[in-house]
There are 2 protein chains.
Amino acid sequence: MLNNSQYIEKLRSSGLRPTKQRIKICEVLFNTEKTFHFTINDLVKRIGKSTNDKISLATVYNTVHAFKNKGYLKEIPINSDQSYFDTNTSHHHHFYDETQKDLIDIDDADVEPVKINTRIPGKKIKSVEVLVKVVDDKS
Amino acid sequence: MLNNSQYIEKLRSSGLRPTKQRIKICEVLFNTEKTFHFTINDLVKRIGKSTNDKISLATVYNTVHAFKNKGYLKEIPINSDQSYFDTNTSHHHHFYDETQKDLIDIDDADVEPVKINTRIPGKKIKSVEVLVKVVDDKS
DNA sequence: TTTCTACATTATAACAATTCTAAACTGTTG
DNA sequence: CAACAGTTTAGAATTGTTATAATGTAGAAA
């Protein structure tokens with residue numbers, strides 16, 4: 001929940017020029033009460049609803065990748081025909097409802113810390129992500 | 001490590017006709033000491049190396065999906081431009097080396113059981129998968 | 001064995017998500 | 001302002017995957 005000049009500052013400080021497209025995408029992604037999950041397609045629709053100046057699809061892709069690289073977004077590892085992103089960059093996990101094709105956050109507090117008792121020499125752990133697949137009770 | 005007549009039996013018992021293409025793919029996937037990860041593209045190459053009778057790409061896709069549905073293969077949830085499959089269908093997890101784009105098994109014994117302290121009403125848990133992303137130590 | 005039929009395979013077309021391209025545009029710096 | 005590097009853009013190209021429709025085949029029945 002920031003205003004435009006704060007987005008401009010945020011972008012500039014991370015080496016991204018604060019263009020009007022990027023500021024608009026910041027608004028759409030971060031001017032919300034709650035964090036959310038989205039695909040590129042979802043995002044294009046949200047942008048369409050909130051402005052008349054359309055943003056090119058290529059720009060949406062570029063911006064999402066730039067934001068992901070800067071850590072403003074996380075990509076959710078899931079097998080799908082399209083990529084899912086998350087505006088919640090805090091450490092947390094996901095349910096994936098295979099029946100409804102729906103992603104739901106799992107609060108970090110609701111998952112006991114995952115302990116990995118093995119390592120790969122020369123590598124350090126960057127993240128540990130848990131995906132809990134669920135289906136309808138009866139099925 | 002089965003022979004052809006055992007694959008035939010396996011296929012038949014799960015309601016899949018034991019065609020020569022499916023038997024060949026069984027050999028390529030399951031006649032190995034160790035389990036492994038693969039993409040469709042990898043599999044096509046492996047098939048090419050082990051036979052001169054080429055199998056149509058569509059058949060490879062169909063067969064992999066059929067085997068996945070029957071539980072002979074697992075799909076690994078990871079963000080990639082292509083789908084990864086695993087001939088190891090036992091419960092286990094993965095490291096993903098982001099530097100080398102390489103998947104490595106984590107033995108189930110090396111991960112403390114993941115406890116999820118929340119549920120979705122009307123849904124039951126089908127699987128709990130842990131993806132540990134690693135990068136080079138120094139980076 | 002021959003016939004029948006539902007299931008499989010095939011090559012190719014279609015499709016959808018994503019990336020590339022090259023020209024036009026725009027923030028920023030001097 | 002001028003200059004330039006970074007950005008946006010529309011559309012083409014690419015890539016992984018799925019659909020199509022004709023041909024082939026395993027298995028059952030006659």
Side-chain angles (χ1 to χ4, degrees), chain A residues 4-5 7-28 37-48 51-70 72-73 75-85 101, chain B residues 4-5 7-28 37-48 51-70 72-73 75-85 101:
Chain A
N4 282 14
S5 62
Y7 290 133
I8 291 174
E9 201 35 56
K10 177 176 175 168
L11 288 165
R12 207 174 319 224
S13 71
S14 55
L16 297 171
R17 280 195 191 163
T19 63
K20 63 176 182 307
Q21 292 87 345
R22 285 173 176 164
I23 295 164
K24 167 54 67 183
I25 292 173
C26 276
E27 286 173 26
V28 172
H37 309 128
F38 65 93
T39 63
I40 296 291
N41 203 17
D42 295 336
L43 180 53
V44 168
K45 282 188 211 151
R46 276 172 186 263
I47 293 166
T51 183
N52 289 317
D53 318 348
K54 89 177 266 299
I55 297 179
S56 154
L57 183 59
T59 300
V60 178
Y61 273 98
N62 289 342
T63 303
V64 166
H65 287 140
F67 285 7
K68 181 191 157 193
N69 290 336
K70 296 299 178 184
Y72 303 155
L73 292 172
E75 192 168 0
I76 304 170
I78 198 174
N79 294 118
S80 172
D81 47 347
Q82 47 198 331
S83 293
Y84 274 82
F85 297 90
K101 312 277 182 222
Chain B
N4 282 15
S5 61
Y7 290 132
I8 291 173
E9 201 34 57
K10 178 175 174 167
L11 288 166
R12 204 171 319 213
S13 70
S14 55
L16 297 172
R17 280 194 191 163
T19 63
K20 61 177 183 308
Q21 292 87 344
R22 286 174 175 165
I23 294 164
K24 167 52 71 182
I25 293 174
C26 276
E27 285 173 26
V28 172
H37 309 128
F38 65 93
T39 64
I40 296 291
N41 202 19
D42 295 337
L43 180 53
V44 168
K45 282 188 210 151
R46 278 172 184 262
I47 293 167
T51 182
N52 289 318
D53 318 348
K54 90 176 268 297
I55 297 179
S56 155
L57 182 59
T59 300
V60 178
Y61 273 98
N62 289 340
T63 304
V64 166
H65 287 139
F67 285 8
K68 181 192 158 193
N69 290 336
K70 294 299 178 185
Y72 303 156
L73 292 173
E75 191 166 2
I76 303 170
I78 197 175
N79 294 117
S80 172
D81 47 347
Q82 45 197 332
S83 294
Y84 274 82
F85 298 90
K101 311 277 180 221

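Each chain gets a letter, A, B and so on, in the order the sequences are listed, and its residues count up from 1.
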| Is it true that a side-chain atom of A:Ser13 and a backbone atom of A:Lys10 form a donor plus acceptor pair closer than 3.5 Å? | yes

| A:Phe38: what forms a ring pair (Phe, Tyr, Trp, His ring centres under 6.0 Å) with it, not counting sequence neighbours? | A:Phe36, A:Phe85

| query | Just by distance, with hydrogens left out, do B:Gln82 and B:Asn41 show a side-chain donor and acceptor under 3.5 Å apart? | reply | no

| task | Over all heavy atoms of both residues, which pair between A:Arg17 and A:Arg22 is shortest? Give the atoms and the distance, please. | result | O-NH1, 3.0 Å

| query | Could you give the start and end, 5' to 3', of the contact zone on DNA chain D for chain B, using atoms under 4.0 Å from its heavy atoms? | reply | D:dG16 to D:dG27

| message | Please tell me whether A:Asp42 and A:Thr39 have a donor and an acceptor in their side chains that are separated by less than 3.5 angstrom. | response | yes

| task | Please state how far atom CD1 in B:Ile55 lies from atom P in C:dT10, giving the value in whole angstrom units. | result | 7 Å

| query | Hey, are the side chains of B:Tyr84 and A:Asn79 touching, using non-hydrogen atoms and a 4.5 Å cut-off? | reply | no

| Mind checking whether A:Tyr7 and A:Ile25 have side chains closer than 4.5 Å, heavy atoms only? | no

| Rounding to a whole Å, what distance do you find between B:Ile25:CD1 and C:dA8:P? | 13 Å

| remark: Protein heavy-atom contacts under 4.0 Å, written 5' to 3' over nucleotides 17-30 of chain C as B (base), S (sugar-phosphate only) or - (none), form the string SBBB-----BBS--

| said: Do A:Thr51 and A:Ile47 have side chains that approach each other closer than 4.5 Å (heavy atoms only, starting at C-beta)? | reply: yes

